[in-house]
Each structure stands twice: as structure tokens, then as C-alpha cells.
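Worth saying up front: this structure is predicted, and the values here are computed from it rather than measured.
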Amino acid sequence: MQANEELSAVLRGGLHGRFQSAFHLLENALEVLDDNIAHSVTPAKYDDLHPLLQQVGEQLLLLRRLGEHAADAAIAPVLQDVCVPQPMDLLEQLREIGALFQEIAVQQKLDALVELCPEEGLQSLFTMGDPTLLNGLLANLFSNSLAAGRSVHVTLRCAPGDFCYQDDGPGLPQDARDLLLGRGWSGRLLEQGGLGLPLIRAYALAMGWELRVEDAPGMKVHFTLPPCVVDLDEIVMESCAARGERETRRRYFLRELRPVLPAGGEED
């Protein structure tokens, strides 16, 4: 679990950091250039040059987004090579994650509700997976739900062999569905951002989870869970260890959700 977390941080965080630093410098330089031109040429000449500077700024923004997409894409093949799914009780993991997300929603004054709905009588849901990758998968799903609207109701449904994430938002456009299912990028998403959809797919496939998007109101994504193939005692031990990492998990969600939290939302 720790190795996967460090690998994701190096790949995604490191590349994102490089892109952000480079584009931040370029954008600052463009702003200084714009200001200097405004003070050194006639107003009429500046009116001629300003549209060109705006075009440069728009292209820098596009390149920043393309760089972020490239950073996300770098994760998928590596995760599938190095991830070794371990036994876990998914239902227990989801209880904690749902509680943490609800805690963050209250702290950040979000009109958001997460409801865990296991199949009647289901007390545990043993499968193969990785808590760190599960964090990443759900952080990106939550981010999509929050980006679609400040008022959101998320339902986590569990049944043997199946985990379903559903919200009551506007749902995924067709090009977003295609991206989530690995069918390629549309020009619109390349320019506007993919909302972490390739990462959702990468985390799921690295754990051996197949995914499909249901044609339903809101966003409804099903994950087909592999059977658990090891001694259940090992799952109990792993679940107990995971409970000791609650604070680390909370900080992770705060960091990953920050772009879609209200302005000024910070970790307490």
C-alpha cells in the first residue's frame, strides 16, 4: 500500500508539479510583458498587440491542461505493472471513506450527502483491492460529483461482486463516458479537462475491477469485484491496520478535493 502511494505521488504529483511550475513562470512572464508593452507603446498600438497576447495566454492554458492529462496518463501502465491487489473488506473501507467525506462536507459547508447502501443483510464485502488506490478512485469520483453542482447526493451501493457509485447530478456527457471506458479523448475534454476520468479507470483496472457506466439519471458507475482468494484472517488484520491510517486518509481527501471545494476551503 505504501509503495503504491509513493509511486502515485512521484508520477502524478511530480509531473504535475513540474508542469505547474513551468507554466506559472510563463504566465507571470506574459503578464509582465503585457504590462511593459502597455506602458511603452501608444494605446492604438497596444490595442493591436493585446489580442495576440491573449491568444498566447489561451494557448498556455491549453498546454497546461494537456500537461496535466499527460501526468495522469503516465500512472496507468505503471500501476498495472506494480500493483498487487490484496484482500480487503470493501464495505468496511467504504464505511470509513463515507464518514470522512461527510465530515469534510460539514467542515467545508457543502450541501453534500454520502449514503452507504449495502444489500440487505450484507455485513462484509470481501474482495481483492488496495486501500490507497481505492482512495484515489473515490477522490476522483467525488470530485466529479462536486464539480457538477454544489448540492449533491452520493450513494455507494454494495452487493456481492458489485460496487456502484451513483450521484444525483446531471450525469456524464457521452464523450466523458467514452473517456471513462477507455475509448479516447474528445477535443472538448482535451481543452476543458478530463475531471480525473482516466485516473478512475487506471485505479480500477490496477485492482482488477472491471467498470461500466449505466444509462441512468446522474452518474452511475458499476465496478465488478474479483472474488477474494485468500484466508479471511488476513483481511481482518489488514482492515485493523487501515483504521490506524484514518487521519492520513482524511488529509489525502482534503488535498485531492481542494480544487472543487469552496474558495478558501483549507485543511483545519
Fill in: Contacts of R95 that satisfy side chain to side chain donor-acceptor pair (under 3.5 Å) - sequence neighbours left out
none
Worksheet entry | Steps toward side-chain contact (heavy atoms from CB on, under 4.5 Å) verdict (D175, R177) | CA-CA 5 Å; D175 57 352; R177 291 187 180 204; over 6 Å; no
Discussion item. If the condition is ring-ring contact (aromatic ring centres under 6.0 Å, His included), which residues does F142 pass it with, not counting sequence neighbours?
Written reply: F101, Y165
Worksheet item: When rounded to the nearest 0.5 angstrom, what is the spacing between CG in L225 and CE in M207?
Response: 9.0 Å
Which donor-acceptor pairs under 3.5 Å do side chains of residues 211-220 form with protein atoms, sequence neighbours excluded?
residue, atom, partner, partner atom, Å
E214, OE1, H222, NE2, 2.7
E214, OE2, K220, NZ, 3.4

Worksheet item: To the nearest 0.5 Å, what is the distance between CD (Q93) and CG (L138)?
Response: 10.0 Å
Discussion item. In the structure I gave you, are the side-chain heavy atoms of L113 and Q102 within less than 4.5 Å of one another anywhere?
Written reply: yes
Worksheet entry | side chain to side chain donor-acceptor pair (under 3.5 Å) partners of D168, counting only residues at least two apart | none
Worksheet item: Can you find a heavy atom in the side chain of L172 that is under 4.5 Å from one in the side chain of L180?
Response: yes
Worksheet item: With Q123, which residues qualify under side chain to side chain donor-acceptor pair (under 3.5 Å), at least two apart?
Response: none
Worksheet item: With L30, which residues qualify under side-chain contact (heavy atoms from CB on, under 4.5 Å), at least two apart?
Response: L53, V56, L60
Practice prompt. Determine the interplanar angle of the F163 and W209 rings, folded into 0 to 90°, and report it as parallel if under 30°, tilted if 30 to 60°, perpendicular if over 60°.
Written response: perpendicular
Discussion item. Do P118 and L125 make a side-chain contact, defined as non-hydrogen atoms from C-beta onward lying under 4.5 Å apart?
Written reply: no
Discussion item. Holding to ring-ring contact (aromatic ring centres under 6.0 Å, His included), I want the full list of residues that pass it with H153, two or more places apart in sequence or in another chain.
Written reply: none
Worksheet item: Residues two or more places apart in sequence or in another chain: which of them pass side-chain contact (heavy atoms from CB on, under 4.5 Å) with S124?
Response: D89, F126
Item to complete: Side-chain contact test, heavy atoms from C-beta onward, threshold under 4.5 Å: evaluate it for L33 versus D35 and give yes or no.
Response: no
Fill in: Donor-acceptor contact present, side-chain N144 to main-chain N140, <3.5 Å
yes
Item to complete: Enter the distance from L90:CG to D162:CG here, rounded to the nearest 0.5 Å.
Response: 10.0 Å
Discussion item. Using 0.5 Å steps for rounding, measure from the CG atom of L156 to the SG atom of C164.
Written reply: 9.0 Å
Practice prompt. Please identify each residue that fulfils side chain to side chain donor-acceptor pair (under 3.5 Å) with E119, with sequence neighbours left out.
Written response: none
Worksheet item: What pairs with F253 under ring-ring contact (aromatic ring centres under 6.0 Å, His included), at least two apart in sequence or on another chain?
Response: none
Worksheet item: Out of curiosity, T248 OG1 to N135 CG, how far, rounded to the nearest 0.5 Å?
Response: 10.0 Å
Discussion item. Would you compute the distance between atom CG of L116 and atom CD of E96 and round it to the nearest 0.5 angstrom?
Written reply: 12.5 Å
Worksheet item: Is Q166 reaching over with its side chain to a backbone N or O of T155, donor-acceptor style, under 3.5 angstrom?
Response: no
Item to complete: Could you tell me whether E103 and R246 have a side-chain N and a carboxylate O separated by less than 4.0 Å?
Response: yes
Worksheet item: Taking only residues two or more places apart in sequence, or in another chain, which ones meet S40 in a side-chain contact (heavy atoms from CB on, under 4.5 Å)?
Response: none
Item to complete: Evaluate the side-chain proximity of Q107 to R250: yes if any heavy-atom separation is below 4.5 Å, no if none is.
Response: yes
Practice prompt. Output all residues satisfying side-chain contact (heavy atoms from CB on, under 4.5 Å) with D178, sequence neighbours left out; order by chain, then residue number.
Written response: Q174, R183
